[in-house]
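Lettering follows sequence order; numbering is per chain, from 1.
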Protein chains: 2
Amino acid sequence: MNKSIEKLITTTQALLWERGYVGTSPRAIQDRAGVGQGSMYHHFRTKAELAQAAEERSAAELIEEVRALLDAPGDPLDRVLTYLRRERDVLKGCRIGRLAADPEVVADPALRKPLEHAFGWITERLAALLREAQDCGRLPQEWDAQSLAATVLAVIQGGYVLARAANSPAPFEQAIEGLIALLTNNATAED
Amino acid sequence: MNKSIEKLITTTQALLWERGYVGTSPRAIQDRAGVGQGSMYHHFRTKAELAQAAEERSAAELIEEVRALLDAPGDPLDRVLTYLRRERDVLKGCRIGRLAADPEVVADPALRKPLEHAFGWITERLAALLREAQDCGRLPQEWDAQSLAATVLAVIQGGYVLARAANSPAPFEQAIEGLIALLTNNATAED
DNA sequence: CAGTAAAAACATACTAGTAGGTACAATCTG
DNA sequence: CAGATTGTACCTACTAGTATGTTTTTACTG
């Protein structure tokens, strides 16, 4: 067990979430982690390398949380709705989506990969559930599950953006409710 | 006409879009604008003051562009769909939404206000059109137009996030197509 | 099992360059 | 020529490290 490495990664995760990649300085990481400069640069050669480790951890944690919700037993569409209504610290935003705003993250393949992986995984998992929902007759067969999955994830990510712009969770909640109305009151609802 | 003021504002608009508030330094603004430090600090007392002017300009421009699209003649729902399919430089993201990621912007009321104003205006305008669409019978009356408007805007903003994370416009386009399917293939479609 | 060698871990000092300004003199412009 | 504008110098603090020295572990030998 290396205590310093662990502390550096969790601290960097927190700072990346709060302030993004450009807004997070090595010094801020060291101070908050209570780890000296020499230590930090011993374990991680650059800020980017440490950020990458932190991103990978955050992506894995997010995937694990979403997997737990979406793998639950029950009706597939209901599980998607549960995921949509999941409790969130809305104004804090998404630990992964936040990083997509940083040009340095998007430009560096190593820094961008964890984002692509997390969002790719969630989209695929949602698409699979939505296809199940189509097979159950709860969604029209002619809809494209893959596109719909992207829509679901986009509403969440966009909801965060609107909420932070308004400094209020209300737009997030409205966006979610609007999507739920769209998903539950569709052409198959009258069967 | 003050040439320096104009150049400073348009340059800051561009830099805020590209790099956000934290990532934009006074020096970078001066260099790209070709304006000296003395000039800049003569016209704008702080970086925040200049950023605010740039944000207000960007918000006004965005509103004007959206207004032009949404005020066009024709069926209200079709106008929303046209807005959704509008051409965009997807990987560049939204000039306003990008700033919601910056904690310093969200924390400062003066810097946050233009975002709240722009998104508030667009949401209201969309909600009005969606209500019209309900009155035309193209959307179910029981849906809440305000929530739906938030959903539409969230899909766009979230689409940008997903696209940048994937370094590809594809997730954006999928999210839009999914939303269009939801909006056009609903319970009233069988009337 | 003591002793030691090597490596891993941590700390301190230093660096060139940038962030976000202030102070003030010089220069336009009406 | 007064007031608006601009250029230059300067400031303190921070960024992203490098360089170097000091402990602390671990691993092996006799």
CA sep, side-chain torsions, deciding dist, call: D144(A), E177(B), side-chain contact (heavy atoms from CB on, under 4.5 Å): CA-CA 9 Å; D144(A) 175 39; E177(B) 286 315 309; over 6 Å; no
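dT15(D) atom C1' lies 11 Å from atom CE of M40(A), rounded to whole Å. The CG atom of L8(B) sits 12 Å away from the C1' atom of dT6(D) (whole-angstrom rounding). The interatomic distance linking I5(B) (CD1) with dA4(D) (C1') rounds to 11 Å, in whole Å. Rounded to whole angstrom, the span from the CZ atom of F44(B) across to the P atom of dT6(D) amounts to 11 Å. If you measure from atom CZ of R19(A) to atom C1' of dC14(D), you get 13 Å, rounded to the nearest angstrom. Look at CG on D31(B): it is 13 Å from P on dG7(D), rounded to the nearest Å. At whole-Å resolution of the value, CG in L50(A) and P in dT15(D) are 15 Å apart.
Close to dT5(D), at under 4.0 Å from its OP1 or OP2, lies no side-chain N or O of S4(B). For H42(A), a side-chain nitrogen or oxygen approaches OP1 or OP2 of dA9(C) to under 4.0 Å. Side-chain nitrogen and oxygen atoms of H43(B) include at least one within less than 4.0 Å of the OP1 or OP2 phosphate oxygen of dT6(D).
Ion pairing between a basic and an acidic side chain is recognised when a charged N comes within 4.0 Å of a carboxylate O; E56(A) and R112(A) show no such pairing. Salt bridge status for K92(A) with E18(A): absent, with no side-chain N to carboxylate O gap under 4.0 Å.
Looking at S147(A), its side chain never comes within 3.5 Å of a backbone N or O of W143(A) through a donor-acceptor pair.
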List, with names and distances, any nitrogen or oxygen atoms from the protein found under 3.5 Å away from nitrogen or oxygen atoms belonging to nucleotides 20-24 of chain C.
{"residue": "dG20(C)", "atom": "OP1", "partner": "K47(B)", "partner atom": "NZ", "Å": "3.1"}
{"residue": "dG20(C)", "atom": "OP2", "partner": "K47(B)", "partner atom": "NZ", "Å": "3.3"}
{"residue": "dG21(C)", "atom": "OP2", "partner": "K47(B)", "partner atom": "N", "Å": "3.3"}
{"residue": "dG21(C)", "atom": "O5'", "partner": "Y41(B)", "partner atom": "OH", "Å": "3.2"}
{"residue": "dG21(C)", "atom": "N7", "partner": "Q37(B)", "partner atom": "NE2", "Å": "2.4"}
{"residue": "dG21(C)", "atom": "O6", "partner": "Q37(B)", "partner atom": "OE1", "Å": "3.0"}
{"residue": "dG21(C)", "atom": "O6", "partner": "Q37(B)", "partner atom": "NE2", "Å": "3.0"}

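With Y83(A) as the aromatic partner, R88(A) meets the cation-pi criteria of under 6.0 angstrom to the ring centre and within 45 degrees of the ring axis. No cation-pi contact links K47(A) to Y41(A), judged by a cut-off of 6.0 Å to the six-membered ring centre and 45° from its axis.
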